[in-house]
Protein chains: 2
Amino acid sequence: MDKAGTSNQESLLKLENFLCFAIYSTANAVTRAYQPRLAALGLTYPQYLVMVVLWEEENQTVKAIGEKLSLDSGTLTPLLKRLETAGLITRRRDTVDERQVLIGLTADGRAMRARAEAVPVAMGKAFGCNMDEAKSLRSELISMRDNLVDSIEEVK
Amino acid sequence: MDKAGTSNQESLLKLENFLCFAIYSTANAVTRAYQPRLAALGLTYPQYLVMVVLWEEENQTVKAIGEKLSLDSGTLTPLLKRLETAGLITRRRDTVDERQVLIGLTADGRAMRARAEAVPVAMGKAFGCNMDEAKSLRSELISMRDNLVDSIEEVK
DNA sequence: TATAATTTAATTGTGTGCAATCTATTTGAC
DNA sequence: GTCAAATAGATTGCACACAATTAAATTATA
């Protein structure tokens with residue numbers, strides 16, 4: 001306790017010191033910053049991520065996409081339906097295992113890739129850090145994310 | 001172009017290289033990791049942030065809280081109403097400037113602070129990094145967030 | 001001092017995130 | 001081979017985020 005009677009732990013409850021808030025508010029800023037650049041493609045940021053996953057490999061299951069993006073079917077199912085309505089992807093049951101739904105690209109969805117290449121270029125500048133900084137920051141975040149995911153298992 | 005006919009920009013559209021996705025998925029993991037620790041308090045993660053802001057200083061306007069958390073009234077108004085219903089905060093119009101709504105704490109809301117001090121302690125371990133790492137990562141994220149915010153103005 | 005411009009919250013509508021539950025299908029244990 | 005367990009996806013319900021609009025109050029300006 002200091003003279004004012006406040007505990008040493010007080011500084012732990014200050015927003016200014018929160019690593020979690022730095023992550024949270026930066027993530028919100030990322031989504032907001034992408035929005036005007038994705039508007040030309042008619043995509044939201046999570047929809048853009050799904051398209052990126054599909055441009056890397058077509059005909060993935062909902063589960064596979066969900067594992068890559070850490071999103072569950074409650075989030076993906078309606079999102080994928082919107083992409084289907086937009087004419088960018090196809091959804092069809094796997095004939096071998098009918099529990100699975102395979103997500104493919106339409107010609108429009110495939111063609112969008114060329115236009116999408118401008119997005120990371122523009123965003124790279126917006127982040128305002130060089131390749132090396134981005135790389136080390138990315139790996140630090142990912143290792144922290146993995147720590148957080150592991151910690152949830154422990155609490156349960 | 002390489003032999004396969006793919007452009008050099010291809011690697012820019014790989015999820016694996018996305019700094020934005022590292023931020024996005026880590027932020028989601030943060031919210032998920034906080035959830036079981038905040039369940040005892042009956043708070044969501046954004047609600048917890050609002051309470052932290054109010055524990056630092058009572059009787060702030062919605063606008064002041066929004067500026068600190070980078071959230072607008074569309075997000076805050078319903079969230080604050082839920083905290084009011086939960087008996088943690090008070091909402092009253094400023095008598096001097098009736099456009100403003102002052103947010104205060106109830107006795108219950110004030111008392112919650114002591115119990116909340118366990119949260120950053122538990123989460124500190126979950127993040128799995130030491131104080132210095134957390135500090136530098138936080139400042140890197142904040143400077144990047146500021147860059148992103150500035151970049152949005154430029155696009156508009 | 002009228003009134004136009006600005007400011008503050010609230011509201012509306014869309015799109016996530018995620019827990020919990022449900023249905024259909026497949027796999028496993030016996 | 002049958003039935004229980006596991007798996008994949010869809011559905012439901014709740015709580016954000018945020019753009020766009022609205023309403024009320026205040027400030028600025030002619």
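Below, read A as the first sequence line, B as the second, and so on, with proteins coming before strands; counting in each chain starts at 1.
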Quiz item: Quick one: is A:Thr61 getting a side-chain N or O under 4.0 Å of the D:dA8 phosphate, OP1 or OP2?
Solution: no
Exercise. Say whether, by atom type as modelled, one donor and one acceptor occur between the side chain of B:Arg138 and the main chain of A:Ala22 under 3.5 angstrom.
Key: no
Practice problem: When you get a sec, tell me which of D:dG9, C:dT25, C:dT16 is the closest nucleotide to the side chain of A:Thr75? | Solution: C:dT16
Practice problem: Just compare D:dG9, D:dT26, C:dC18 and give me whichever is closest to any side-chain atom of B:Glu98. | Solution: D:dT26
Exercise. Assign each of B:Asp97 and A:Arg99 to its nearest nucleotide of DNA chain C by heavy atoms, then name whichever residue's nucleotide is nearer the 5' end.
Key: B:Asp97
Quiz item: What is the distance, rounded to the nearest whole Å, between atom NZ of B:Lys63 and atom C1' of C:dT6?
Solution: 11 Å
Quiz item: With distance as the sole test, does B:Arg93 use its side chain to make a donor-acceptor pair with the main-chain N or O of B:Arg99 at under 3.5 Å?
Solution: yes
Quiz item: Roughly how many Å is it from CG in A:Leu102 to C1' in D:dG9, rounded to a whole number?
Solution: 12 Å
Quiz item: Does A:Gly109 offer a backbone N or O that forms a donor-acceptor pair with the side chain of A:Trp55 under 3.5 Å?
Solution: yes
Quiz prompt | Aromatic ring pairing A:Tyr34/A:Tyr48, orientation class (parallel under 30°, perpendicular over 60°, tilted between) | solution = tilted
Practice problem: Could you check whether A:Ser70 gets within reach of a base, just the sugar-phosphate, or nothing at all, counting any heavy atom under 4.0 Å? | Solution: sugar-phosphate
Quiz item: So what does B:Val96 hit on the nucleic acid, given a heavy-atom distance under 4.0 Å: a base, only sugar-phosphate, or nothing?
Solution: sugar-phosphate
Quiz item: According to a strict under-4.0 Å criterion, is B:Arg93 in side-chain N/O contact with OP1 or OP2 of D:dT26?
Solution: no
Quiz item: Rounding to a whole Å, what distance do you find between A:Asp72:CG and D:dT12:P?
Solution: 16 Å
Quiz item: Between B:Gln100 and A:Leu71, which has a closest nucleotide on DNA chain C that is more 5'?
Solution: B:Gln100
Quiz item: Does B:Thr44 get its side chain close enough to the base of D:dA15, under 3.5 Å, for a donor-acceptor pair?
Solution: no
Quiz prompt | Separation of C:dG17 P from B:Leu38 CG (nearest whole Å) | solution = 19 Å
Self-check item: Exam field: side chain A:Arg37 to backbone A:Ala33, donor-acceptor pair closer than 3.5 Å
Solution: yes
Quiz item: OP1, OP2 of C:dC18 versus side-chain N and O of B:Arg32: anything below 4.0 Å?
Solution: yes
Quiz item: Is it true that a side-chain atom of A:Glu133 and a backbone atom of A:Asn130 form a donor plus acceptor pair closer than 3.5 Å?
Solution: yes
Practice problem: Let me know the distance between CG of B:Leu69 and C1' of D:dA17, rounded to the nearest Å. | Solution: 13 Å
Exercise. Name the residue closer to the 5' end of DNA chain D, choosing between A:Arg91 and A:Asn28 according to the nucleotide with the nearest heavy atom.
Key: A:Arg91
Quiz item: Just how far, in rounded Å, is P of D:dA24 from CG of B:Asp94?
Solution: 18 Å
Quiz item: Think B:Gln35 has a side-chain N or O under 4.0 angstrom from the OP1 or OP2 of C:dC18?
Solution: no
Exercise. Report the distance from atom CD of B:Gln60 to atom C1' of C:dA9, rounded to the nearest whole Å.
Key: 16 Å
Quiz item: Can you tell me how far the CG atom of B:Leu49 sits from the CG atom of B:Leu71, to the nearest 0.5 Å?
Solution: 8.0 Å
Quiz item: Expressed in angstrom and rounded to an integer, what is the separation of B:Tyr45 atom OH from D:dC16 atom P?
Solution: 13 Å
Quiz item: Hey, can you pull the residues of residues 77-85 of chain B with a non-hydrogen atom under 4.0 angstrom from DNA chain D?
Solution: B:Leu79, B:Arg82
Quiz prompt | Contact under 4.0 Å: B:Tyr24 side-chain N or O vs C:dG17 OP1/OP2 | solution = yes
Self-check item: Any donor-acceptor N/O pair, A:Thr61 side chain to A:Leu102 backbone, under 3.5 Å
Solution: no
